[in-house]
Number of protein chains: 2
Amino acid sequence: MLKLKTAAVEKISHQDYFNIAVSVDCVIFSYQNKSLKVLLIKSDLEDFQGLYSLLGDLVGPEEDLEDAPYRVLYERTGLQDVYLEQVHTFGNINRHPSGRVITTAYFSLVNCKSSKLQISDNDVSWHNIADIRRLAFDHKIILDTCLQQLQERVMEHPIVFNLLPEKFSLRELQDLYEAILGLGLDRRNFRKRIIAKDWLVDLNEMEEDVPHRPGKLYKLRSGLRKSGRLSIQVEQKLAV
Amino acid sequence: MLKLKTAAVEKISHQDYFNIAVSVDCVIFSYQNKSLKVLLIKSDLEDFQGLYSLLGDLVGPEEDLEDAPYRVLYERTGLQDVYLEQVHTFGNINRHPSGRVITTAYFSLVNCKSSKLQISDNDVSWHNIADIRRLAFDHKIILDTCLQQLQERVMEHPIVFNLLPEKFSLRELQDLYEAILGLGLDRRNFRKRIIAKDWLVDLNEMEEDVPHRPGKLYKLRSGLRKSGRLSIQVEQKLAV
DNA sequence: GCAAAAGTGTTAATCTTACACCCATGC
DNA sequence: GCATGGGTGTAAGATTAACACTTTTGC
């Protein structure tokens with residue numbers, strides 16, 4: 001029979017490999033003025049002077065991978081109960097000029113009108129998705145990948161409500177869907193389709209201060225809002 | 001103006017973080033006797049004595065992340081033009097007893113009748129998906145996640161043909177879909193649906209050596225077979 | 001009363017599902 | 001000739017897409 005290695009022995013023999021940094025990068029989406037936005041920071045690396053990059057950080061040695069994007073979000077925006085989804089891990093050798101860094105990309109949906117949102121760093125700001133041409137590192141590819149995943153998810157999963165205030169009209173919701181999907185939708189069909197999903201509760205309240213006939217207000221059915229720690233990770237913990 | 005850091009300076013200041021190992025784990029699917037199989041290896045760690053684990057390896061310091069699963073596949077099976085898809089990255093602190101290892105999971109589809117397939121290690125063997133209860137590490141969760149992603153992909157993308165020989169009958173194809181999806185399909189509807197996708201070419205050949213009326217043979221339309229380096233990575237390289 | 005957006009229903013087309021009989025081959 | 005699976009079509013139901021008019025409010 002083969003001699004079994006202890007974990008300790010294996011660790012020593014593989015020491016050379018503990019030589020790669022792991023980071024997370026967050027594509028933090030918000031929605032304002034009928035446009036989908038993403039939070040970016042001015043790159044502080046000479047190599048990318050003048051370019052913006054996604055918000056990210058190295059994963060701490062004592063930190064679960066999935067905790068890192070929540071920490072980044074909290075440190076940068078003050079927000080804690082955010083929606084996060086892991087998208088893809090990028091690991092080309094030369095993707096980072098500082099050394100070997102493999103990064104796991106997450107997208108996040110935040111309400112930019114939340115009272116808890118506070119961005120103190122002057123180099124951090126919201127940018128229209130449609131206006132972004134280049135980013136530092138491989139962050140444009142990461143952004144595009146995350147946007148595509150967002151587009152694939154929104155019709156099947158009630159996640160876009162994380163971008164809206166508690167109460168919203170169907171028109172606001174439709175504008176948001178159009179901004180995310182980048183296309184126009186038929187109003188009547190959209191309303192039927194959304195109502196049929198049974199995600200919404202009619203609040204029997206009306207919009208106020210609109211210069212036209214006010215629309216009804218809705219909210220997301222309670223129990224459907226997904227935010228906080230990722231579900232896949234919860235399963236993982238339970239299984240261990 | 002803020003003083004910009006050079007990449008070299010940043011690397012030194014972050015040296016503590018280059019302390020996490022990165023691995024890849026491959027869920028290598030194949031199909032035999034009307035069952036979906038996965039390639040597993042007997043764990044050589046004391047902590048998991050008697051359990052099987054997925055095939056994986058640490059990512060080399062000079063190796064693109066996406067190259068690692070191809071290398072693992074090649075080293076373990078001799079196969080080079082395989083279909084691979086990245087699924088998810090798992091990074092709980094304690095997921096690996098040897099130390100801090102973050103792993104990116106891939107699934108792969110291989111034809112177990114390929115002449116190039118050779119598995120020399122006696123501890124490596126095929127296992128029926130349906131029979132697997134426990135695996136070493138968090139590999140059962142990784143397997144389940146990959147199987148779910150495979151199930152979500154198969155109806156929209158022509159990938160399952162990587163599990164079949166060059167020529168196959170519609171019955172063989174349907175059996176394969178049923179094994180992957182874990183459910184029965186109506187034969188007439190399945191045939192209409194597959195034919196409508198325009199993925200197949202009728203070879204005007206018949207099955208041989210079957211103890212019943214032989215079925216027509218088909219092959220995948222050329223140009224639709226996806227294997228080799230991952231497309232997302234190719235885009236990434238072009239953009240750099 | 002006019003501008004602006006809210007609200008609402010029907011029809012046609014498409015897609016999906018369920019279902020049963022005759023046919024070709026090996027034995 | 002019989003057992004086995006191959007091959008095929010239709011009708012009902014569900015879903016999706018296209019499309020226009022009336023209503024309510026602020027000004």
Side-chain angles (χ1 to χ4, degrees), chain A residues 31-35 151-158 161 164-165 167-220, chain B residues 31-35 151-158 164-220:
Chain A
Y31 175 66
Q32 205 169 7
N33 300 328
K34 302 199 179 184
S35 295
Q151 290 172 338
E152 288 167 6
R153 294 266 183 282
V154 288
M155 277 307 179
E156 310 305 320
H157 306 276
F161 306 95
L164 289 176
K167 303 174 180 187
F168 51 87
S169 67
L170 287 183
R171 160 60 58 184
E172 289 174 292
L173 185 60
Q174 181 176 345
D175 285 343
L176 171 54
Y177 268 96
E178 290 179 347
I180 291 173
L181 297 172
L183 43 81
L185 301 169
D186 179 89
R187 188 155 47 100
R188 282 164 293 186
N189 291 337
F190 175 78
R191 294 162 97 93
K192 273 182 293 187
R193 214 166 147 188
I194 287 291
I195 296 297
K197 287 187 195 299
D198 207 27
W199 290 345
L200 302 184
V201 178
D202 183 343
L203 288 169
N204 291 314
E205 293 177 54
M206 291 294 179
E207 286 181 298
E208 285 171 24
D209 302 319
V210 288
H212 53 76
R213 173 175 175 181
K216 284 182 170 184
L217 291 176
Y218 294 80
K219 71 177 178 76
L220 183 62
Chain B
Y31 176 66
Q32 205 168 6
N33 299 331
K34 303 199 179 184
S35 296
Q151 289 171 340
E152 287 166 6
R153 295 265 182 281
V154 288
M155 276 308 180
E156 310 305 320
H157 305 277
L164 289 176
E166 173 91 3
K167 303 175 180 186
F168 51 85
S169 66
L170 288 183
R171 159 62 57 184
E172 289 174 291
L173 186 60
Q174 182 176 345
D175 285 343
L176 171 54
Y177 269 96
E178 290 179 347
I180 290 173
L181 298 173
L183 44 81
L185 302 169
D186 179 89
R187 186 155 49 102
R188 279 164 295 187
N189 292 336
F190 175 78
R191 294 162 96 93
K192 273 183 292 188
R193 214 164 147 188
I194 286 291
I195 296 297
K197 287 185 193 301
D198 208 26
W199 290 346
L200 301 184
V201 178
D202 183 343
L203 288 168
N204 292 313
E205 293 177 55
M206 292 293 179
E207 287 181 299
E208 286 170 23
D209 302 320
V210 288
H212 54 78
R213 174 175 173 179
K216 284 182 171 185
L217 292 176
Y218 294 79
K219 71 177 177 80
L220 183 63

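- One can place CG of Asn189(B) at 14 Å from C1' of dG7(D), the figure rounded to the nearest angstrom.
- Residue-environment remark: CD (Glu208(A)) stays at or below the threshold of 12 foreign heavy atoms within 6.0 Å.
- For dG7(D), one of the phosphate oxygens OP1 or OP2 lies less than 4.0 angstrom from a side-chain nitrogen or oxygen of Arg191(B).
- Here dA5(C) presents its C1' atom at 5 Å from NE2 of His212(A), a figure rounded to the nearest Å.
- Aromatic ring orientation, Phe161(A) versus Phe168(A): tilted (interplanar angle from 30° to 60°).
- No side-chain heavy atom of Glu205(B) sits under 4.5 Å from any side-chain heavy atom of Lys216(B).
- Put simply, CD on Gln174(A) is 12 Å from C1' on dA6(C), counting in whole angstrom units.
- Nearest-nucleotide mapping onto DNA chain D: of Pro214(A) and Asp186(A), the residue sitting toward the 5' end is Asp186(A).
- When the P atom of dC23(C) is taken as reference, atom NZ of Lys216(B) falls 17 Å away, rounded to whole Å.
- Rounded to whole angstrom, the span from the CE atom of Met206(B) across to the C1' atom of dG26(C) amounts to 15 Å.
- Summarising the geometry, the separation between CZ on Phe190(A) and C1' on dT8(C) is reported as 16 Å, rounded to the nearest angstrom.
- The nearest whole Å value for the distance from the CD1 atom in Ile195(A) to the C1' atom in dA6(C) is 13 Å.
- Take the nearest nucleotide of DNA chain D for Pro211(A) and for Arg193(A): the residue whose nucleotide is more 5' is Arg193(A).
- Atom P of nucleotide dT8(C) and atom CZ of Arg171(A) are separated by 14 Å, given to the nearest angstrom.
- Residue Arg188(A) places no side-chain atom within donor-acceptor reach of the base of dA6(C), judged by atom type and a 3.5 Å distance cut-off alone.
- Between the side chain of Lys192(A) and the base of dT10(C) there is at least one donor-acceptor pair of N/O atoms closer than 3.5 Å.
- Applying the 4.0 Å criterion to OP1 and OP2 of dG26(D), one finds that Arg213(A) has every side-chain N and O outside that range.
- The heavy-atom pair separating Tyr218(A) from Leu200(A) by the smallest distance is CD2-CB, 4.0 Å.
- Scanning atom types as modelled, one donor and one acceptor separated by under 3.5 angstrom connect the side chain of Arg187(A) and the base of dG7(C).
- Here the side chains of Arg171(B) and Asp175(B) are in contact, with some heavy-atom distance below 4.5 Å.
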